[in-house]
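Along the sequence shown, residues carry numbers from 1. For ligands, and for the atoms within them, numbers begin at 1 and follow the listed sequence.
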Amino acid sequence: MKKTLLLAVAVLLVAMPSEARKKPKFTHETVAVPAVEREIISVETASTSLNLLVTEKGELQTLHYGAKIEDPGAWLQLDGSSEDYNGCRSLTYPATGGRFISEPALHVKYPDGSHNTELYFTGVKKSAQDGFERTEIGLKDYVTGLEVKLLYDAYVKEDVIEMHSEILNGGKKAVELLNYASASLYVDAPEYLLTHFYGAWAKEMLMESEVLGHDTKVIESRRGVQATQGNNPSFLLSLGTKELRENDGEVIAGALEWSGNFRMSFEKDDAHRLNIITGISPYASAYPLEAGATFVTPGMVYTYSAEGAGGASRNLHRWARKYCVYGGGAVNPTLLNSWEGAYFNFTTPVLLGMIDDAASMGLEMFVLDDGWFGNDFPRNGDNAGLGDWEVNTSKLPEGIEYLASYAHSKGLKFGIWIEPEMVNPASNLAHEHPEWVVQSPGREIYQGRNQWVLDLSNPAVEDFVFGIFDRTMQLAPGIDYIKWDCNRVIQSFGSPYLGTQQDRFYVEYVEGLYNVMRRIREKYPRVIVQCCSSGGGRVDYGALRYCNEVWTSDNTDARTRAFIQYSMNLIYPACVMASHVSTVPNHQTSNVTPLKFRFDMACSGRLGMELQPKYFSPEDRALADRCITSYKKYRDLVFAGDAYRLASPYDGSYYGVMYVSEDKSRAVVFTYCLEFEPRTVGSKAFRLIGLDPSRSYKVMEQNVDRSCWWGSGKVFSGSFLAEGGFNPVLPQIYSSAVFVLEAQ
Ligand code: GLA
């Protein structure tokens, strides 16, 4: 049968004209990629390592991120075939094109319409920088000339690696960046539990955990500004478990330093490896990169700990306090903010009364919130005045200087609120500079909270926004604190300034904001800046490089705050977490909680008050004085101590957190009951893990005449306090107790 077939084909070929028998010549020239030596590149901290492999072909692959491997050179024995199998799927910075077909870190569209990029290793450089070790890896696409630099900054002591990429268009024409991630990280574990943070106004940063299945999970913000009121650009990844564990187990924590649209994707492939790609969201932002230009992506910080979520967050906090948060770790003053106590309805005498009360309670600053500006369009509500930053002469005829010097004369610092990125249609600014408003031709300019957004991608607007800050600082000598607000998202986005280059808008808005912040910090290095965006709408390590603290949430209900503050602490250190005691029923939730509970909650962050103190009863006033006095004695621990979360409000009735000094000689412990418990706290509810087990500590409950724990005033070993001997009685909803511990 076979023979017959062959014969038939042969006969047919002989019968065909010779030209038709010629094989078509397939020509395809390949640009040569220089061969390189196989090598292992390691980025190491005290107890972690990121190990990368350069193959002979010049591909850069991720081998390991986790506990430190002492002999990473062993990987050079990996045979080529397993490399090839792993090959394109664990590329360290995968680009669209070539063999790679998964979620890319980089996607470039070239002038000829092509979408292929294949990055090959060109070299590695190590250098010691101020406080960290930098590893710089060069990659190149030899067809287009596009180059990528991967930068890894290892903060050795903190076990943090900060990554970012720089993309250089080495070609002759502009290209479009369709994806331009800061970093890509492959990890390998039998199971991945992703814990991330979602929210909305008055309920920011709520924690959610999910076991990752195959395919891609994405966390993204497309809000433009107020980017973190929904999702936060941060996460915890628990490896090999379905449970978020506080004190043990492998956890990777990550956070992006960017205050605009972001995207974090988690793609689990068919070999169960997870590729995490993080960076600016490319949503509506196909970024044009001119020939010779470089795009620098924002930093992505990573840490790994084998001591659970607790270990991972302590690493991040230490790094943040030392290297990221502006003024991180220094104590910021306690304060009275005028907002919930007066809203827009104040005059000079009302504010003077609040200043008097703040001073006599022992608070250290008065902050005048919204409502102090606008004359033609007075700011008597949220519908007018934004943009017109002159003092409202009918409310405050004596001016800001008078208020500030009165506060200073009482020994208080003085702070003031601005919202410089925004404009009300009812303002002189909107009439004078309609071209500064974010808008799209022919479309309605939607309002949010009766306001529009100013176009910070325009350098003229940058100057204007800087000028608002600058002039506000000149309103009185010694303005000590600025609350910078930003109360809406961007919609119908568009910049009259950018013309046909609207793809640049979202990125350049944030760059514009950072330019302004940089100028502010050059001129005003000492002013304390609070980053607020309708509460926690701008909570990220990008903004925190310029700001000392954040307004955690407009929700001041101490019960809701337990949930927000617990999850906030998983990523961000307590020194940035402003927390205020407000009145009851709470203005957001109507919840009624005892004043002690409200103080105990606020004292676990930067304590402030936001109410009209003149309505306090003498008993409440006495309690307030007592809580403020004791807070000042232990607050250095809140600002600079190591956080140990003792109980999660997401797990049941109790919430607890402890801050321990670096030398473990002092600690402060906060404990709260969030649900009625008919019996007393089980003795394992709050185990004081984090003390030195072999040292003895005197435990002293604060702000009570009779302690809720039998051991208050006595001395115990750290081991006893960790292993179950510490069981304060918190029998009712909203019982709470604060303890100071001192090593003997
Ligand atoms: C936002 C802030 C509040 C307050 C108001 C003022 O909502 O989050 O704290 O400053 O604006 O309008």
**Student:** How close does the nearest protein non-hydrogen atom get to atom 7 (O) of ligand 1, and which residue and atom is it?
**Tutor:**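 Checking every protein heavy atom, the shortest distance to atom 7 (O) of ligand 1 gives Asp554 OD2, 2.8 Å.
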**Student:** Got the closest protein heavy atom to atom 9 (O) of ligand 1, with its distance?
**Tutor:**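 The answer is Lys483 NZ, 2.7 Å.
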**Student:** What protein heavy atom sits nearest atom 2 (C) of ligand 1, and how far off is it?
**Tutor:**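 Checked against all protein heavy atoms, atom 2 (C) of ligand 1 sits closest to Asp485 OD2, 3.0 Å.
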**Student:** Nearest protein heavy atom to atom 12 (O) of ligand 1, by residue and atom, and its distance?
**Tutor:**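 Of every protein heavy atom, Asp370 OD2, 2.6 Å lies nearest to atom 12 (O) of ligand 1.
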**Student:** May I ask you to list the atoms of ligand 1 that are less than 4.0 angstrom from any heavy atom of Cys532?
**Tutor:**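 Selected atoms, number and element: 2 (C), 8 (O).
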**Student:** Any cation-pi pair here, Arg621 with Phe616, using under 6.0 Å and within 45°?
**Tutor:**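 The answer is no, since Arg621 fails at least one limit relative to Phe616.
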**Student:** Measure from the ring center of Tyr572 to the ring center of Tyr541 and say whether it is less than 6.0 Å.
**Tutor:**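 Under 6.0 Å, so yes.
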**Student:** Which protein non-hydrogen atom lies closest to atom 10 (O) of ligand 1, naming both residue and atom, and how far is it?
**Tutor:**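 Here the nearest protein heavy atom works out to Asp369 OD1, 2.6 Å.
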**Student:** Quick one: does Asn487 get a heavy atom under 4.0 Å from ligand 1?
**Tutor:**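 Yes, Asn487 has heavy atoms under 4.0 Å from ligand 1.
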**Student:** Tell me whether ligand 1 is touched by Gln530 - counting only heavy atoms on the residue side and a distance under 4.0 Å.
**Tutor:**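 No, Gln530 has no heavy atoms under 4.0 Å from ligand 1.
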**Student:** Mind checking whether Glu419 contacts ligand 1 via backbone (N, CA, C, O), side chain (CB onward), both or neither, at a 4.0 Å heavy-atom cut-off?
**Tutor:**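 Contact part for Glu419 vs ligand 1: neither.
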**Student:** Heavy atoms only, cut-off 4.0 Å: how does Glu340 contact ligand 1, side chain, backbone, both, or neither?
**Tutor:**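 Answer for Glu340: neither.
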**Student:** Counting only heavy atoms not in Lys413, do more than 12 fall under 6.0 Å of its NZ?
**Tutor:**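 Open: at most 12 neighbouring heavy atoms sit under 6.0 Å from NZ of Lys413.
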**Student:** Check for me whether the distance between the ring centres of Trp389 and Phe464 falls short of 6.0 Å.
**Tutor:**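 That pair fails the under 6.0 Å test.
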**Student:** Looking at Trp417, which atoms of ligand 1 are within less than 4.0 Å of one of its heavy atoms?
**Tutor:**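 Answer for ligand 1: 10 (O).
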